[in-house]
Amino acid sequence: MPRVVGVRFRRAGKVYYFAPGDLELAAGDRVLVETVRGVELGQVVGPARDVAEADITTPLKAVIRRATGEDLASIQDNRAKERDALRVAKEKVEARGLDMNLVDVEYGFDGGRIIFYFTADGRVDFRELVKDLAAVFRTRIELRQIGVRDEAKLLGGLGACGRELCCCSFLTDFQPVSIRMAKDQNLSLNPAKISGLCGRLMCCLRYESDHYERGRSALPEVGSRVATPEGHGKVTAVNPLRGTVTVELEGGPGARTYCAQQVQEQGNG
């Protein structure tokens, strides 16, 4: 099996595998690696290990060397250039009257490429903008349209919980989130309460979704008729976390709550 080391280029970004060669690397080491976009600086996320061929993309690129102090200084210089580049690009977008929102700029390590990330409601013809930017920066220019969730990941912020957004602190991939997840967890369906800064459903709705789904599968559905130790009735509520069922009993005794093992489903009422 190939021996690889995982490298990340952005905080909470995807981890890519590279061949470490003879280098002994540890988590946190900054390294220069060969990528499809040229030489880039990344951070090692763990020691080298063996992985199956099916888990890597061939041909496997190599780690060139550990980053030096000069390399790190170059990255800091690029960060400063990115702020200026974003300002200039926004001026060009406004001058062209383009319906797009520039979000972030990324300089390649060697300065041979600049990537501008933007959001827009639809497709944007930015060919003339690329020419304007190339004339200013005299290097290869790329514009990439991203979604609002990617925008939140790049810009960061605090969620309703008061903590840093999951997407920019530890989530490496966006998983599908549906309104059904909020319903299953008995959460308010008020969009303001279940939406993140990106305007989409909060990623954290998915964290407990599987647990709720498993819990519900062991409980009768709301509206079904069940037999209880105190008689027959109709299920009015279920609690997947506690594994309990609330039943409105026939004959007026009122609602009672039972463990799932205490009721027997008899069909829909």
Side-chain angles (χ1 to χ4, degrees), residues 7-14 16 30-43 67-160 163-174 191-192 195-203:
V7 176
R8 180 178 283 143
F9 299 99
R10 284 179 176 267
R11 185 186 178 195
K14 291 183 179 180
Y16 298 89
R30 306 294 291 275
V31 293
L32 292 183
V33 296
E34 181 70 33
T35 74
V36 294
R37 299 190 304 181
V39 176
E40 295 290 348
L41 187 145
Q43 187 170 33
T68 64
E70 185 177 341
D71 296 328
L72 298 179
S74 177
I75 286 294
Q76 292 302 316
D77 185 47
N78 283 348
R79 297 293 89 84
K81 291 179 180 178
E82 288 169 355
R83 291 190 288 271
D84 292 336
L86 185 61
R87 176 184 54 80
V88 171
K90 286 184 175 180
E91 293 174 354
K92 298 295 183 182
V93 168
E94 185 175 355
R96 289 281 179 185
L98 297 175
D99 188 16
M100 58 193 295
N101 176 42
L102 287 173
V103 175
D104 198 14
V105 180
E106 181 182 349
Y107 259 74
F109 174 75
D110 59 3
R113 159 196 327 240
I114 308 176
I115 303 174
F116 294 87
Y117 298 93
F118 72 94
T119 59
D121 292 334
R123 298 187 63 180
V124 179
D125 184 355
F126 49 71
R127 289 174 292 184
E128 295 302 318
L129 175 62
V130 170
K131 294 178 183 178
D132 292 343
L133 296 174
V136 173
F137 300 107
R138 299 188 180 280
T139 190
R140 181 176 176 180
I141 302 295
E142 291 185 17
L143 272 82
R144 294 185 183 177
Q145 186 170 355
I146 61 176
V148 290
R149 297 176 83 185
D150 297 293
E151 179 182 14
K153 186 177 181 70
L154 288 175
L155 297 181
L158 299 178
R163 302 186 65 174
E164 187 177 15
L165 296 178
C166 299
C167 59
C168 63
S169 56
F170 67 89
L171 284 182
T172 57
D173 291 297
F174 291 115
S195 299
L197 292 185
C198 60
R200 299 291 190 265
L201 292 172
M202 293 188 294
C203 293

Between [atom1] on residue [X] and [atom2] on residue [Y], distance to nearest 0.5 Å:
X      : Y      : atom1 : atom2 : result
Asp104 : Thr119 : CG    : OG1   : 11.5 Å
Glu151 : Leu102 : CD    : CG    : 10.5 Å
Lys90  : Phe116 : NZ    : CZ    : 11.5 Å
Thr68  : Leu41  : OG1   : CG    : 9.0 Å
Leu155 : Cys198 : CG    : SG    : 11.5 Å
Ile146 : Lys153 : CD1   : NZ    : 11.0 Å

Tyr117 meets the side-chain hydrogen bond (donor to acceptor under 3.5 Å, both in side chains) criterion, sequence neighbours left out, with Glu106
Look at Arg87 together with Glu91 and state whether they make a salt bridge at an N to O cut-off of under 4.0 Å.
yes
Is Asp150 salt-bridged to Arg144, going by a charged N under 4.0 Å from an acidic O?
no
Within the side chain of [X], is there an N or O that forms a donor-acceptor pair under 3.5 Å with the backbone of [Y]?
X      : Y      : result
Glu82  : Tyr107 : yes
Arg8   : Gly13  : yes
Thr172 : Lys14  : no
Lys92  : Leu129 : no

Val39 and Glu34: side-chain contact (heavy atoms from CB on, under 4.5 Å), yes or no, with the steps?
CA-CA 5 Å; Val39 176; Glu34 181 70 33; 3.9 Å; yes
Ring geometry between Phe126 and Phe118 (parallel below 30°, tilted from 30 to 60°, perpendicular above 60°):
perpendicular
Taking side chain as C-beta onward, heavy atoms only, is Phe9 less than 4.5 Å from Thr35?
yes
Taking C-beta and beyond as the side chain, do Ile114 and Leu133 meet within less than 4.5 Å on heavy atoms?
no
Heavy-atom pair with the smallest gap, counting every atom of [X] and [Y]:
X      : Y      : value
Leu171 : Cys203 : CD1-CB, 3.8 Å
Ala67  : Leu72  : CB-CD2, 4.3 Å
Cys168 : Gly156 : SG-CA, 3.6 Å

Go through Leu154 and Arg10 one step at a time and tell me if the side-chain contact (heavy atoms from CB on, under 4.5 Å) criterion holds.
CA-CA 9 Å; Leu154 288 175; Arg10 284 179 176 267; 3.4 Å; yes
Would you check, one step at a time, whether the test side-chain contact (heavy atoms from CB on, under 4.5 Å) holds for Leu86 with Arg83?
CA-CA 5 Å; Leu86 185 61; Arg83 291 190 288 271; 5.9 Å; no
Verify the distance criterion only: is there a donor paired with an acceptor across the side chains of Asp71 and Ser74 at less than 3.5 Å?
no
Show, in sequence, the C-alpha distance, side-chain angles and deciding distance for Glu142 and Arg37, and conclude whether the salt bridge (Lys or Arg N to Asp or Glu O under 4.0 Å) test is met.
CA-CA 11 Å; Glu142 291 185 17; Arg37 299 190 304 181; 5.9 Å; no
If you count every heavy atom of other residues, nucleotides or ligands that lies below 6.0 Å from Arg200 atom CZ, does the total exceed 12?
no
